[in-house]
Amino acid sequence: MKRGEVCTGLVSKVSFPNRGIIKLESVVGRDLKEDEPGREVLVKGPLIPGQKVKFRIKKSRKENCTGILLQILEKSELETASEKEMCPHFGKCGGCTYLSMSYDNQLKLKEEQVREIFKDVVKVDFDQIFEGVVPSPDNFSYRNKMEYSFGDEYKGGPLALGLHKRNSFYDIVDVKGCKIVHEDFVKVISLVREYAKENNITFYNKITHEGVLRYLVVRRSETENELMVALVTSSQNSFDPLGVSKILRENCPNLTGFIHVITDSVSDSVSCDRMDVVYGRDYIYEKILGLRFKISLFSFFQTNTRGAEVLYGKAREYILSAIQNDSLKEKVLYDLYSGTGTIAQMLSPVAGKVIGVEIVEDAVKAARINADLNNISNCEFIAGDVLK
């Protein structure tokens with residue numbers, strides 16, 4: 001095979017993260033050579049075992065071959081999700097990968113990937129220690145944070161607000177519905193989009209670096225139903241955020257804060273040169289396993305609240321199990337790469353002391369605030385590099 005040739009094949013295996021092994025079936029424009037049928041090609045992309053796909057050869061060497069995904073030609077027998085479960089943007093949007101599969105099939109696929117990752121690391125019988133993949137309590141409407149981009153769906157098109165198209169740096173899918181977020185997100189994105197169109201506010205062009213609207217960030221508390229919205233713009237044209245604030249307050253009764261963030265960074269990521277609280281406050285509260293956490297706009301927090309409860313509950317279960325054999329009450333636990341200190345605080349009741357180490361200073365400050373909020377006195381948080 002030569003670089004640039006277009007081929008078809010069957011996805012035989014998918015490993016983490018999104019790497020598919022494809023068995024070659026045909027090469028467009030010529031017959032297969034004697035040693036080519038079934039040859040394995042590594043292709044990165046949102047693939048599912050059993051799919052028939054079209055791809056282009058990127059590199060071809062004797063020992064390995066890589067390709068670029070072009071098109072899904074035939075669905076896999078694993079793609080059994082009902083029409084009700086499907087999203088109108090699936091396949092076009094660069095967000096979800098496995099939404100066309102039933103949740104049971106998703107878990108089976110992820111279990112295979114976990115086994116693959118650990119097979120050369122674990123030196124005992126893996127089945128003796130592997131407890132299986134623990135499912136999330138919520139399969140849909142679970143995300144508590146989203147970052148949406150302003151742009152156009154095609155070059156020169158009208159303003160769009162949503163997520164990047166799959167494999168595209170510039171084009172934006174104009175999201176009108178989404179299966180993984182609460183209806184509050186859909187309402188907010190619709191209100192802001194219509195306001196921008198009615199008032200002829202331009203979006204920021206990544207090529208010319210001209211325009212105003214850049215990103216829309218939405219965070220929602222699952223347990224306390226608090227909504228925080230941030231509109232990120234450039235400093236051009238003296239944009240006044242009061243109009244957006246007014247329309248959100250009128251239509252979103254659970255809005256607790258609206259923030260205007262200004263950035264002129266050329267990077268395609270949400271950053272901040274200046275931040276103004278236009279309405280309310282710049283944080284929300286969330287509860288996990290009985291503890292309350294203050295979450296600011298840029299704080300890291302698990303995006304699946306109820307899933308995080310399962311995750312942290314499992315960690316705490318292991319610690320409690322260890323206590324039965326060897327008391328930890330006088331011992332020190334270390335939470336390395338501790339973020340805003342959620343795991344450290346979950347485990348604080350079963351340890352003499354917990355030390356969290358995190359390189360992001362704002363996260364450390366948030367961890368200290370949250371520990372005070374929960375009346376936890378045996379947690380210490382250090383801003384620094386774990387490796388040092």
Side-chain angles (χ1 to χ4, degrees), residues 1-81 86-102 105-106 108-117 119-120 149 151-157 160 162-174 205-207 267-269:
M1 288 181 287
K2 297 179 181 177
R3 183 183 179 195
E5 284 190 312
V6 174
C7 311
T8 66
L10 197 68
V11 181
S12 62
K13 180 180 177 182
V14 175
S15 60
F16 181 84
N18 284 344
R19 296 186 300 178
I21 301 297
I22 298 175
K23 291 189 178 294
L24 183 68
E25 290 187 341
S26 69
V27 178
V28 176
R30 68 170 177 84
D31 294 331
L32 290 178
K33 298 175 184 176
E34 185 177 337
D35 61 341
E36 288 184 328
R39 183 176 179 183
E40 293 186 343
V41 181
L42 177 66
V43 175
K44 291 185 178 180
L47 297 167
I48 296 172
Q51 289 177 330
K52 185 174 181 178
V53 300
K54 180 187 288 187
F55 59 95
R56 179 182 291 113
I57 300 297
K58 182 180 179 181
K59 292 181 181 178
S60 181
R61 294 187 172 90
K62 187 175 182 180
E63 62 278 5
N64 59 59
C65 190
T66 61
I68 300 171
L69 179 65
L70 298 177
Q71 185 182 356
I72 307 295
L73 299 175
E74 295 178 11
K75 291 173 62 174
S76 164
E77 61 181 15
L78 298 176
E79 297 180 85
T80 58
M86 288 301 292
C87 174
H89 306 297
F90 181 73
K92 186 178 180 182
C93 164
C96 301
T97 300
Y98 300 134
L99 195 64
S100 59
M101 302 171 67
S102 70
N105 283 338
Q106 291 181 37
K108 290 175 184 176
L109 179 61
K110 290 175 182 180
E111 177 172 325
E112 290 174 6
Q113 293 179 356
V114 170
R115 288 178 176 276
E116 181 72 18
I117 290 169
K119 72 176 184 180
D120 296 326
S149 296
D152 48 17
E153 288 207 77
Y154 53 90
K155 189 176 181 179
L163 301 170
H164 284 271
K165 283 185 180 179
R166 186 164 286 175
N167 301 323
S168 174
F169 179 72
Y170 298 106
D171 299 340
I172 302 297
V173 177
D174 204 25
N205 189 299
K206 296 177 201 172
I207 300 176
S267 171
D268 186 24
S269 61

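Values below: all heavy atoms of this structure, side chains included; hydrogens, waters and symmetry mates excluded.
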Side chains of [X] and [Y], heavy atoms from C-beta outward: is any pair under 4.5 Å?
X    : Y    : value
V53  : Q71  : no
I207 : Y170 : yes
M1   : L24  : yes
K2   : I57  : no
R166 : L69  : no

Only counting residues at least two apart or in another chain, list the ones meeting salt bridge (Lys or Arg N to Asp or Glu O under 4.0 Å) with [X].
X    : answer
K92  : E153
R115 : E111, D127
D171 : none

Closest non-hydrogen atom pair, [X] against [Y]:
X    : Y   : result
I48  : Q51 : N-OE1, 3.0 Å
V173 : C93 : CG2-CA, 3.8 Å
F90  : C96 : CE1-O, 3.6 Å

N/O donor-acceptor pairs under 3.5 Å from side chains in residues 37-45, not counting sequence neighbours:
| from | atom 1 | to | atom 2 | distance (Å) |
| --- | --- | --- | --- | --- |
| R39 | NH2 | R61 | O | 2.5 |
| E40 | OE2 | K23 | NZ | 3.2 |

Does [X] reach the main-chain N or O of [Y] with its side chain, forming a donor-acceptor pair under 3.5 Å?
X    : Y    : value
S102 : T80  : no
K206 : F169 : yes
S76  : P49  : yes

Carefully, step by step, assess I72 and L47 under the rule side chain to side chain contact (heavy atoms under 4.5 Å, CB included). CA-CA 9 Å; I72 307 295; L47 297 167; 4.0 Å; yes
[atom1]/[X] to [atom2]/[Y] distance, rounded to the nearest 0.5 angstrom?
X    : Y    : atom1 : atom2 : answer
E77  : E79  : CD    : CD    : 10.5 Å
Q106 : L78  : CD    : CG    : 10.5 Å
T97  : N18  : OG1   : CG    : 4.5 Å
L32  : D35  : CG    : CG    : 9.5 Å
Y98  : L109 : OH    : CG    : 4.5 Å

So which pairs with a foot in residues 24-34 pass salt bridge (charged side-chain N to carboxylate O under 4.0 Å, His left out), sequence neighbours left out? E5-R30, E25-K52, R30-E36
What donor-acceptor contacts under 3.5 angstrom involve side-chain atoms of residues 6-13, with partners at least two apart or in another chain?
| from | atom 1 | to | atom 2 | distance (Å) |
| --- | --- | --- | --- | --- |
| T8 | OG1 | S26 | OG | 2.4 |
| S12 | OG | I21 | O | 3.1 |
| K13 | NZ | E116 | OE1 | 3.2 |
| K13 | NZ | E116 | OE2 | 3.4 |

Verify side chain to side chain contact (heavy atoms under 4.5 Å, CB included) between H89 and L163, making sure each step is shown before the conclusion. CA-CA 10 Å; H89 306 297; L163 301 170; over 6 Å; no
